[in-house]
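To start, the structure under review is shown below, and the notes come after it.
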Amino acid sequence: MILYPAIDLKDGQAVRLVHGDMDRVTVFNDDPAAQARAFVDAGCQWLHLVDLNGAFAGTPVNAAPVEAILKACPVPAQLGGGIRDMATIEMWLSKGLERVILGTVAVENPDLVREAARAFPSHVAVGIDARDGKVATKGWATKTDVDATDLAKSFEDAGVAAIIYTDINRDGAMGGPNIPATEALAQAVTIPVIASGGVSSLDDLTALKDTGVISGAISGRALYDGAIDLAAALSMLKG
């Protein structure tokens, strides 16, 4: 199972939110590229980046720090937030991003996801952010009636590289991930599923790994706060 350290970008800084609330923000580093290098130096194999401003604006806002991270770090990175058309997808992949994460458009324009996955095999992931099992879009500000599992299943034949499943009620709250919901989603599809939201201890990572069906986990606040030692976590996951 791959551990993805998260760097959430707001106003050019590396931050964490609680439950996706832009008013409940903690700034952890005003140099996101330095933060990314620290994660790489600790041994991470991937980086998970989110343009928070972009998720609300519907277009990239934190392009400069993302580009700085891509230039500074030799490991692959995936990015979500504000990626809602083919031109933006092509732009990011041309700059060295390994994987784009499509969230809002997965609900509003699923044909774009399919088109992008065909055009860029292995470089397109779907971000499914859910509150009480229902998908939320536009930076989690808009709740829909779309069932998270139904949305995942709809892309079963699209060729997407992964599904990133976030339980919004767990995100940034250090209360542990929603393992039953994530495991159920992973069992419902053949697409690799990455868990996000509330991953805050080595025990959480062990429990996710022990399901045998979850391919990765994203953690942010716990790494910044020291609740998870990144080197120890990576060593445990290799074992």
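Heavy-atom basis, side chains included; hydrogens, waters and symmetry copies ignored.
I214 and I163 fall within the same hydrophobic cluster, where Ile, Leu, Val, Met, Phe, Trp and Tyr residues are linked whenever their side-chain heavy atoms come under 4.5 Å apart, directly or through other members. I2 and V126 are not part of a single hydrophobic cluster, where members link through side-chain heavy atoms under 4.5 Å apart. When hydrophobic clusters are built by joining Ile, Leu, Val, Met, Phe, Trp and Tyr residues whose side-chain heavy atoms come closer than 4.5 Å, directly or via intermediates, M22 is grouped together with V15. Put simply, I194 and V75 are part of two different groups of oily side chains (I, L, V, M, F, W, Y) that touch within less than 4.5 Å, one to the next. Connection of L234 to Y224 is established within a shared hydrophobic cluster, with ILVMFWY side chains joined at heavy-atom distances below 4.5 Å, either directly or through further cluster members.
Atom-to-atom distance recorded for L223:CG and R16:CZ is 9.0 Å, nearest 0.5 angstrom. In this structure, the separation between CG on L202 and CG on L237 is 8.5 Å, given to the nearest 0.5 Å. Going from atom CD of Q35 over to atom CG of D8 covers 11.0 Å, rounded to the nearest 0.5 Å. Summarising the geometry, atom CG belonging to D203 is positioned 8.5 Å from atom CE belonging to M236; distances are rounded to the nearest 0.5 Å. To the nearest 0.5 Å, atom CG of residue L205 and atom CE of residue M1 are 5.0 Å apart. To the nearest 0.5 Å, the span separating CD on E183 from OG1 on T211 amounts to 5.0 Å.
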field: Test log, rule side-chain contact (heavy atoms from CB on, under 4.5 Å), inputs L230 and L3
entry: CA-CA 9 Å; L230 180 55; L3 176 58; 3.5 Å; yes
query: Should R131 and N169 be marked as a side-chain contact (heavy atoms from CB on, under 4.5 Å) after you check the CA-CA gap, both sets of side-chain angles, and the distance that decides it?
result: CA-CA 6 Å; R131 186 181 281 114; N169 290 332; 3.5 Å; yes
- prompt: After noting the C-alpha distance and the side-chain angles of I101 and I83, does the key distance pass the side-chain contact (heavy atoms from CB on, under 4.5 Å) rule?
  reply: CA-CA 7 Å; I101 303 167; I83 305 173; 5.9 Å; no
Intermediate values then yes/no, side-chain contact (heavy atoms from CB on, under 4.5 Å), F39 and I7: CA-CA 10 Å; F39 286 146; I7 299 178; 3.8 Å; yes
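With a 4.5 Å cut-off on side-chain heavy atoms, V66 and W92 count as touching. Looking at L9 and N53, their side chains never come closer than 4.5 Å, going by heavy atoms from C-beta outward. Side-chain contact between L47 and I69 is present, with at least one heavy-atom pair separated by less than 4.5 Å. At least one side-chain heavy atom of F28 sits under 4.5 Å from a side-chain heavy atom of D225. Counting only heavy atoms from C-beta outward, the side chains of D132 and K143 approach each other to under 4.5 Å. Within the 4.5 Å cutoff, the side chain of I164 has heavy atoms near those of the Q78 side chain. Residues V213 and V193 fail the side-chain proximity criterion, which asks for heavy atoms closer than 4.5 Å. At a threshold of 4.5 Å between non-hydrogen side-chain atoms, the residues R221 and T26 count as touching.
The main-chain N or O of E98 is found under 3.5 Å from a side-chain atom of H123 such that the two form a donor-acceptor pair. Counting only distance, with no hydrogens or angles, the side chain of S200 and the backbone of A222 share no donor-acceptor pair below 3.5 Å. Without hydrogens or angle criteria, T182 side chain to N178 main chain gives a donor-acceptor distance under 3.5 Å.
By the 30° and 60° cut-offs, the orientation of the rings of Y4 relative to W46 is tilted.
Nearest approach of D30 to Q13, heavy atoms of both residues: CB-NE2, 3.9 Å. Pairing each heavy atom of M86 with each of L112, the nearest pair is N-CD1, 3.9 Å. Annotation for L208 and P177: closest pair CD1-CG, 4.1 Å, computed over non-hydrogen atoms. Here the closest heavy-atom approach between residue T104 and residue K138 is recorded as OG1-N, 2.8 Å. Taking all atoms of both residues into account, the shortest heavy-atom contact from G82 to T88 is O-CG2, 4.2 Å. In terms of heavy atoms, N62 sits closest to G12 at OD1-N, 2.8 Å.
Listed by first then second residue, pairs satisfying salt bridge (Lys or Arg N to Asp or Glu O under 4.0 Å) with a partner in residues 44-70 read E67-K95, not counting sequence neighbours.
Residues forming a salt bridge (Lys or Arg N to Asp or Glu O under 4.0 Å) with D204 (at least two apart in sequence, or on another chain): none.
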Atom pairs and distances, side-chain donor-acceptor, residues 150-161, under 3.5 Å, sequence neighbours left out:
{"residue": "S154", "atom": "OG", "partner": "L151", "partner atom": "O", "Å": "2.6"}
{"residue": "E156", "atom": "OE1", "partner": "T190", "partner atom": "N", "Å": "3.1"}
{"residue": "E156", "atom": "OE1", "partner": "T190", "partner atom": "OG1", "Å": "2.8"}
{"residue": "E156", "atom": "OE2", "partner": "T190", "partner atom": "N", "Å": "3.1"}
{"residue": "D157", "atom": "OD1", "partner": "R114", "partner atom": "NH1", "Å": "3.0"}

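For the side chain to side chain contact (heavy atoms under 4.5 Å, CB included) with K134, the qualifying choice from V146, D147, I168 is D147, the only one to do so.
Side-chain contact, T166 with S196: a donor N or O sits under 3.5 Å from an acceptor N or O.
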